[in-house]
2 protein chains.
Amino acid sequence: MATIRELARLCGVSPATVSRVFNNPEVVNARTRDEVLRAAQQIGYQPNASARTLATKKSSMVGLVWDTDHRRPGWRHPYFQEILIGLKTALSGRGYHLLLLATSEEKPEESYVHAVRRHNLDGVVMIDSGNRDPSLGYLAESGIACVSLDRPLEGPRTTYVTSDNVGGARQAVRHLYEQGRRSIATISGPAGTGPGTDRLRGYVEELAALGLSQRPEHVVEGDFYLSGGVAAMRRLLRAPEQPDAVFVAGDEMAVGALRAIAEAGLKVPEDIAVVGFDDIELAGLVIPGLTTVAQDKAGIGAAAAEAVVAMINGADAPPPQVLPTTLVVRGSSRL
Amino acid sequence: MATIRELARLCGVSPATVSRVFNNPEVVNARTRDEVLRAAQQIGYQPNASARTLATKKSSMVGLVWDTDHRRPGWRHPYFQEILIGLKTALSGRGYHLLLLATSEEKPEESYVHAVRRHNLDGVVMIDSGNRDPSLGYLAESGIACVSLDRPLEGPRTTYVTSDNVGGARQAVRHLYEQGRRSIATISGPAGTGPGTDRLRGYVEELAALGLSQRPEHVVEGDFYLSGGVAAMRRLLRAPEQPDAVFVAGDEMAVGALRAIAEAGLKVPEDIAVVGFDDIELAGLVIPGLTTVAQDKAGIGAAAAEAVVAMINGADAPPPQVLPTTLVVRGSSRL
DNA sequence: CATCTCGCTGAAACCGGTTTCATGTAACCG
DNA sequence: CGGTTACATGAAACCGGTTTCAGCGAGATG
């Protein structure tokens with residue numbers, strides 16, 4: 001590996017000048033600069049990232065805190081992949097790499113909190129997986145640029161990005177209303193998760209706005225998974241007044257609901273219309289296609305990247321970013 | 001941030017001794033060691049990763065080359081997430097972090113090939129996305145520990161991990177045979193992809209082993225996507241002799257096949273049995289459930305981690321690892 | 001002509017670890 | 001008791017960049 005001193009000697013200049021060529025090109029004489037660049041190209045010089053980080057305390061790396069512990073709920077939501085790709089792409093475009101941090105509680109000394117300091121990470125993005133790990137808060141308080149997905153978090157240089165869960169839920173309910181449904185139930189996400197409570201709130205608000213009364217027995221809590229959707233839908237079908245539509249706070253649960261409805265010998269959308277949330281791949285593949293509230297997954301990743309980079313560059317924490325959702329109408333809600 | 005010299009002064013020892021406490025504990029006196037550890041704990045000392053990397057040329061980081069360019073085929077296979085998680089988990093357990101590398105061709109100077117050198121990455125894992133980028137080969141030749149997924153690759157310290165695509169395909173065909181099917185067609189993956197050709201070979205081999213003749217019009221090439229599956233199945237249904245079973249080389253295509261079959265007014269599995277490959281989440285969610293050849297996704301990630309770490313630790317390139325597949329029988333193939 | 005400014009460059013310290021080599025001490029051996 | 005050995009430690013060089021500060025020459029100014 002060529003070093004800066006070798007390159008400097010080769011060009012007959014000092015290491016300082018070479019360094020300036022790469023970091024502050026405008027202060028160095030154009031001829032010198034070109035010559036250094038040409039020589040660098042020729043010998044394949046690459047500035048050593050560790051040395052640079054050591055000197056500047058900036059690593060050009062952003063950490064991703066992503067709890068993939070299989071015992072936790074939420075680790076495998078299928079759209080994480082798309083968010084991750086959006087995040088990676090947007091960060092790459094801004095010159096940052098993404099470092100996946102382990103979250104193992106067996107070895108706290110290898111915790112991501114420490115990794116952030118050891119590696120001089122410039123910022124952190126956290127994917128909420130329902131994990132109540134206090135280290136997350138600790139990280140947020142630590143003053144590092146920090147963006148959380150789907151979960152409000154307090155901290156000096158902290159913000160979060162989320163979809164408009166309330167608005168999306170209202171869209172869904174309004175759509176069902178416009179399709180002529182008047183007895184609209186919901187299968188909510190687990191209480192205590194941000195998206196879970198917000199989507200439920202949207203449901204409640206929109207019912208009120210439409211002048212529909214809200215029946216307690218028409219609200220059943222699910223777990224975001226298929227089996228939970230099946231179970232919740234079975235309960236709804238046993239309600240005194242059977243609903244003619246159901247807004248389900250997650251697509252996987254919604255597919256479960258479709259299944260429970262079929263199992264009961266009822267037809268979608270004739271007997272019961274179903275609208276989900278998230279627009280996972282599966283939504284377009286089941287029959288009938290699932291009407292759903294689409295999250296802008298790539299946009300979430302990109303917004304998180306933008307926010308974290310802005311804070312790295314010294315900006316104040318931007319306000320929480322709430323991305324709009326889009327209703328995708330498919331067969332499950334339209335006669 | 002506490003440095004090693006501060007900690008050393010605090011304990012009345014030299015920096016060298018502190019360094020040994022963390023890297024070579026057995027050579028330092030037990031009392032000294034305990035005192036240093038206690039003091040380190042107390043002031044929250046964390047060795048600086050960049051300084052360490054600079055001195056040792058080892059970063060404890062493995063790069064992941066993952067081409068997520070949306071214009072390429074293969075960037076979004078839904079089981080990458082599981083492989084990624086398996087990889088990350090296994091690497092974390094061995095003390096390595098995973099660095100996601102950008103693959104942008106607009107800015108070759110930021111290419112992953114350079115990132116590997118700049119960041120002193122200890123090893124690289126590459127996910128094959130059908131990308132024929134020559135840099136991959138360049139990386140493999142460069143002498144870095146390198147593991148590729150699903151694609152054979154030449155290089156001094158290179159190996160690869162893949163599922164037993166031939167064997168899995170044979171399992172699938174044999175299963176169909178055992179279900180009484182005698183006219184077994186296939187929808188293959190794109191020629192030129194490793195899994196595509198291997199699964200086709202398995203199909204051919206097993207037909208021969210079973211003494212079934214192979215009809216050219218019963219082999220149709222797909223693209224691993226749903227729409228390709230639909231199109232391929234339609235062609236199969238127009239064949240002079242309609243098959244009574246189809247082995248489809250990918251689950252997403254298989255779901256497309258299910259759809260084309262339904263569209264033709266035929267029943268699965270009564271008229272045509274279908275077996276897929278991969279066992280993506282969707283396979284368990286469609287109705288009827290899709291019989292499929294399951295890949296051990298977490299195992300693939302773990303095997304890749306193991307191989308790359310072994311090579312990092314100086315081992316010769318281990319032989320390619322071919323992980324067994326499991327036939328998961330669901331409704332699409334069983335009366 | 002002396003002085004000031006401006007543009008450009010170099011010397012050297014510094015970032016925070018690791019590692020080699022030398023050294024001091026205590027134990028062991030004949 | 002002299003010599004060898006093992007063990008534990010420290011001094012200092014080194015990894016490869018960045019950055020401060022000072023210096024130099026050329027052109028501008030008084």
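Convention: sequence-line order gives letters A, B, ...; per-chain numbering from 1. The figures that follow rest on heavy atoms only: side chains count, while hydrogens, waters and symmetry mates do not.
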Looking across every strand, which nucleic acid part, if any, lies under 4.0 Å from [X] by heavy atom: base, sugar-phosphate, or nothing?
X	result
Val18(A)	nothing
Ser19(B)	base
Ala8(A)	nothing
Thr56(A)	sugar-phosphate
Ala2(A)	sugar-phosphate
Tyr45(B)	sugar-phosphate
Thr53(A)	nothing

Just how far, in rounded Å, is [atom2] of [N] from [atom1] of [X]?
X	N	atom1	atom2	result
Ile4(B)	dC14(C)	CD1	P	18 Å
Gln46(A)	dG17(D)	CD	P	10 Å
Arg9(B)	dG10(D)	CZ	P	14 Å
Leu54(A)	dC15(D)	CG	C1'	9 Å
Asn48(B)	dG16(C)	CG	C1'	6 Å
Phe22(A)	dT19(D)	CZ	C1'	17 Å
Lys58(B)	dT18(C)	NZ	P	13 Å
His119(A)	dG16(C)	NE2	P	16 Å

If only side-chain N and O atoms of [X] are considered, is one of them under 4.0 Å from the OP1 or OP2 phosphate oxygen of [N]?
X	N	result
Asn23(A)	dT18(D)	yes
Thr17(A)	dG10(C)	yes
Lys57(B)	dG16(D)	yes

Any chance you could measure Arg117(B), atom CZ, to Ile144(B), atom CD1, to the nearest 0.5 Å?
->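 One gets 11.0 Å once the value is rounded to the nearest 0.5 Å.
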Interatomic spacing from SG in Cys146(A) to CD in Glu154(A) - rounded to 0.5 Å = 12.0 Å
Can you figure out which of [options] approaches the side chain of [X] most closely?
X	options	value
Val28(A)	dG17(D), dT9(C), dT18(C)	dT9(C)
Asn29(B)	dT9(D), dC15(D), dG17(D)	dT9(D)
Thr32(B)	dT9(D), dA12(D), dG16(D)	dT9(D)

Pairwise 5' ranking along DNA chain C for Ala55(A) and Glu26(A), keeping only the more 5' one =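 The answer here is Glu26(A).
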Of Arg20(B) and Thr3(B), whose closest DNA chain C nucleotide lies nearer the 5' terminus?
-> Thr3(B)
Give a yes or no on this: more than 12 heavy atoms of other residues, nucleotides or ligands lie within 6.0 Å of atom CG of Asp316(A).
->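 No, because the 6.0 Å sphere around CG of Asp316(A) holds 12 heavy atoms or fewer from other groups.
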Under 3.5 Å donor-acceptor pair, Arg118(A) side-chain atoms to dG17(C) base atoms = no
Quick one: the side chain of Arg5(A) and the base of dG17(D), do they pair up donor-acceptor inside 3.5 Å?
->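 When only heavy-atom distances are counted, Arg5(A) does reach the base of dG17(D) through a donor-acceptor pair under 3.5 Å.
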Is the side chain of Arg52(A) donor-acceptor paired with the backbone N or O of Pro47(A) at a distance under 3.5 Å, no angle test?
->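 Flag not set: sc Arg52(A) to bb Pro47(A) has no pair under 3.5 Å.
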For Asp150(B) and Thr162(B), run side chain to side chain donor-acceptor pair (under 3.5 Å): C-alpha distance rounded to whole Å, both residues' side-chain angles, the deciding distance at 0.1 Å, then the answer.
-> CA-CA 5 Å; Asp150(B) 271 352; Thr162(B) 186; 2.9 Å; yes
Under 6.0 Å between the ring centres of Phe22(A) and Tyr45(A)?
-> yes
